[in-house]
Amino acid sequence: MNNIKYILGILFTASLSMISCADDKDLGSAMTESFPISSITISSTDYDAEGDTICMLRNQTLQLTWRTKPDNVTNPNVAWTSAYDSIAKVTNNESKNATLSTSNNLGITTIMVTPEIGFGNSASTPAKIIKVVDHFTYINSVSITNVPTKDIAIGDNYKLTTNCTPSNATFKRYKWSSSDPSIATVDNNGTVTGISIGKVTITATANDLNPETPASISALISVKKVIPIVGMELVTEDEMSQLGYGEYYQIQYKLTPADATSSLMTWTSDNVGIASVDENGLVHVNSLTNGSAVITATYKNISKSVTLTVAEGRLWYSFANSLAPWAVGNSATYTSNGIKTIVQMGKSGTKYRGDLSLVTNGSGKNLTITPNTYRYLAIKIRPSSKLVAGTNSAGTIKLELYDNPQTIGYNNLGTVSSANNSYSILNGSSISVTDPNVIYYDLKAKYDKVNPTGWSKFNLVQFKFVIADYLDPATNYDIYWIRTFKTLDELNTYVNNENK
């Protein structure tokens, strides 16, 4: 034992000596710091379509450029890949660009750019969808769907939105211009900014690569002076205590003086997960479960608030300007025109299909329904073929819902003993293909598989309309809204008031 202690003592003394000697030596300069690529941005092209899609013709080439960050990146080189070289491939050039080349094949592929060395997050590995088509579909006509009915104020920002025909135009892009930028300017996204008092014409011109004269539309906009707000009052309405999931609700207010500039108000929500609010006091209910949010309007030292409550089980979705948060499946596409959404169904074999879903099994998102309170689910829709109750001979609209573990569902049958077209038609006996129909389901009616003993509350993992089995030429449908009602009288009253 003493020998072991002796040896350890010698080793410890030697190590101290080595450390002391090392302190006197120059070990060289510090290692050079490395700066990896944190993000890559693919530059826009003349062939950019909606989303992250680039549309090109067969046997066409396009130069791609990009930007990397940080500016002092150690190795700025990147690598490009294509999921299907048989559709389109990317070749790196010696200069900082790449050549995207399409083949003679029609189809879709995905290209991705990544740092040459190392791995990166999503910001440093962007991708584009490349769609190769045999021709471009040009815009025939364009309209501005939200021309302001009132003057905008100096300093106001007002975003104009557009709609075009055909709905499947390849490039839905526009060049915006102002007849007098000293009165109002407009940016590339259609946002108009008031500069001085007067009237100005704002024009949107299709930027769709059409070699002929592109379609265009103009709107006359008036700009007024700013009148400060002296006092404000937010109006409380019964609707505020029973807002529905997906609902848009405009908060009413009174200003002093009456012609004060309302755009001076700043709007906020203390719980955007429940309900958000835009710069005009338009609330959007974002929650699929019940809750409340306090909405506040402020101007300088003046501040007023109201509390909004989401009613559990109430759905109140409008599809006038968008389909979100609903989604269509089966390669379907859609466009909205300020009144409705037109869904172009995808083709599968000889039939067409475009399912409409809010929550799908496996997504991790649930939807609460309360049939004891909000019993009737209604949808305003115009299919393009005359559907037959109980069959799918000319198309199907089928409500599909269930929870997990399953206590309700699989399909809601309503009044017809079949999963196909098993709805009731409000104030009608057959589906119209020329006018919109209001069809509804009794959420307390029988189901294909599981019928609950109580009807108070269900957390659904699947909630969608199977819209399928359509044949040529019935390839699309119009959809206006989806809502729930406590009674059929309430549904009738709503529809009657809507039609006035």
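We use all heavy atoms of the structure for the numbers below, so side chains are in, but hydrogens, waters and symmetry mates are not. Please read all numbers here as calculations on a predicted model, not as lab measurements.
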Engineer: Assess whether a salt bridge exists between D208 and R173, defined as any Lys/Arg side-chain N lying under 4.0 Å from an Asp/Glu carboxylate O.
Structural biologist: no
Engineer: In plain terms, say whether K69 and D71 are close enough for a salt bridge, that is, a side-chain N and a carboxylate O under 4.0 Å apart.
Structural biologist: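 No, this pair does not count.
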Engineer: Of Q462, K365, E400, which meets side chain to side chain contact (heavy atoms under 4.5 Å, CB included) against T360?
Structural biologist: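 Of the listed options, the one satisfying the test is Q462.
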Engineer: Tell me whether the count of non-hydrogen atoms from other residues, nucleotides or ligands lying under 6.0 Å of NZ in K175 goes above 12.
Structural biologist: no
Engineer: With side chains defined as the heavy atoms from C-beta onward, is the minimum distance between I129 and I108 less than 4.5 Å?
Structural biologist: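 When only atoms from C-beta onward are counted, I108 and I129 do touch, with a gap below 4.5 Å.
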Engineer: Report yes if the side chains of T296 and W267 come closer than 4.5 Å at any heavy-atom pair, otherwise no.
Structural biologist: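 A side-chain contact is absent here, since even the closest heavy-atom pair is not under 4.5 Å.
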Engineer: What are the two closest heavy atoms between D403 and P405, and how far apart are they?
Structural biologist: OD1-O, 3.3 Å
Engineer: Are there over 12 heavy-atom neighbours, none belonging to K131, within less than 6.0 Å of that residue's NZ?
Structural biologist: no
Engineer: Looking at Q406 and V450, what are the two nearest heavy atoms and their distance?
Structural biologist: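 Smallest heavy-atom distance, with atoms named: NE2-CG2, 3.7 Å.
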Engineer: Assess whether a salt bridge exists between D151 and K224, defined as any Lys/Arg side-chain N lying under 4.0 Å from an Asp/Glu carboxylate O.
Structural biologist: no
Engineer: In the structure I gave you, are the side-chain heavy atoms of V438 and I379 within less than 4.5 Å of one another anywhere?
Structural biologist: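 Sidechains of I379 and V438: no contact.
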Engineer: Flag the pair L443 / L401 as yes when at least one side-chain heavy-atom distance between them is below 4.5 Å, and no otherwise.
Structural biologist: yes
Engineer: Report the residue from T205, T201, T203 that forms a side-chain hydrogen bond (donor to acceptor under 3.5 Å, both in side chains) with S218.
Structural biologist: T203
Engineer: For A332, is there any backbone N or O sitting under 3.5 Å from a side-chain donor or acceptor partner on N330?
Structural biologist: no
Engineer: Determine whether S263 and E279 make a side-chain contact, defined as any pair of heavy atoms from C-beta on separated by less than 4.5 Å.
Structural biologist: no
Engineer: Would you call R314-E239 a salt bridge at under 4.0 Å N-O?
Structural biologist: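 E239 and R314: salt-bridged.
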Engineer: Side chains of W326 and F319: closer than 4.5 Å at any heavy-atom pair?
Structural biologist: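 They are in side-chain contact.
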Engineer: Kindly say whether the aromatic ring centers of Y410 and Y402 come within a distance under 6.0 Å.
Structural biologist: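 Yes.
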Engineer: Knowing that exactly one of S322, S336, S167, S318 qualifies, which makes a side-chain hydrogen bond (donor to acceptor under 3.5 Å, both in side chains) with T341?
Structural biologist: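 Testing each of S322, S336, S167, S318 against T341, the sole residue satisfying side-chain hydrogen bond (donor to acceptor under 3.5 Å, both in side chains) is S336.
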Engineer: Is there a side-chain contact between V310 and Y245 (heavy atoms, below 4.5 Å)?
Structural biologist: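 V310 reaches Y245 side chain to side chain.
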Engineer: Under the 3.5 angstrom rule, does the side chain of N286 hit a backbone N or O of V272 as a donor-acceptor pair?
Structural biologist: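 Yes; judged by distance alone, with no hydrogens or angles, the pair exists.
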Engineer: Could you tell me whether K457 and E312 have a side-chain N and a carboxylate O separated by less than 4.0 Å?
Structural biologist: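 Salt bridge: yes.
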Engineer: Donor-acceptor check, side chain of D448 to backbone of L413, threshold 3.5 angstrom: yes or no?
Structural biologist: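 A pair under 3.5 Å: no.
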Engineer: Under the criterion salt bridge (Lys or Arg N to Asp or Glu O under 4.0 Å), I'd like the reasoning laid out for R375 against D442: C-alpha separation, chi angles, the key distance, then a yes or no.
Structural biologist: CA-CA 6 Å; R375 178 171 179 171; D442 181 355; 2.8 Å; yes
Engineer: Using the benzene-type ring in the case of Trp, are the ring centres of W316 and Y374 under 6.0 Å apart?
Structural biologist: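 That pair fails the under 6.0 Å test.
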Engineer: Please check this pair: side chain of T370 against backbone of T373, looking for a donor-acceptor N/O pair closer than 3.5 Å.
Structural biologist: no
Engineer: Considering residues, nucleotides and ligands other than K159, do more than 12 of their heavy atoms fall under 6.0 Å from its NZ?
Structural biologist: yes
Engineer: Is Q242 close to K486 at the side-chain level, that is, under 4.5 Å between some pair of heavy atoms?
Structural biologist: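 Answer yes - side chains close enough.
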Engineer: Among D156, I152, V223, N157, find the one that has a side chain to side chain contact (heavy atoms under 4.5 Å, CB included) with V192.
Structural biologist: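 Going through the options one by one, the only one that passes is I152.
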Engineer: Any chance CG of N188 has more than 12 other-residue heavy atoms, nucleotides or ligands included, within less than 6.0 Å?
Structural biologist: no
Engineer: Parallel, tilted or perpendicular: which fits the ring planes of Y423 and Y441, with parallel below 30° and perpendicular above 60°?
Structural biologist: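 Answer is perpendicular, since the angle exceeds 60°.
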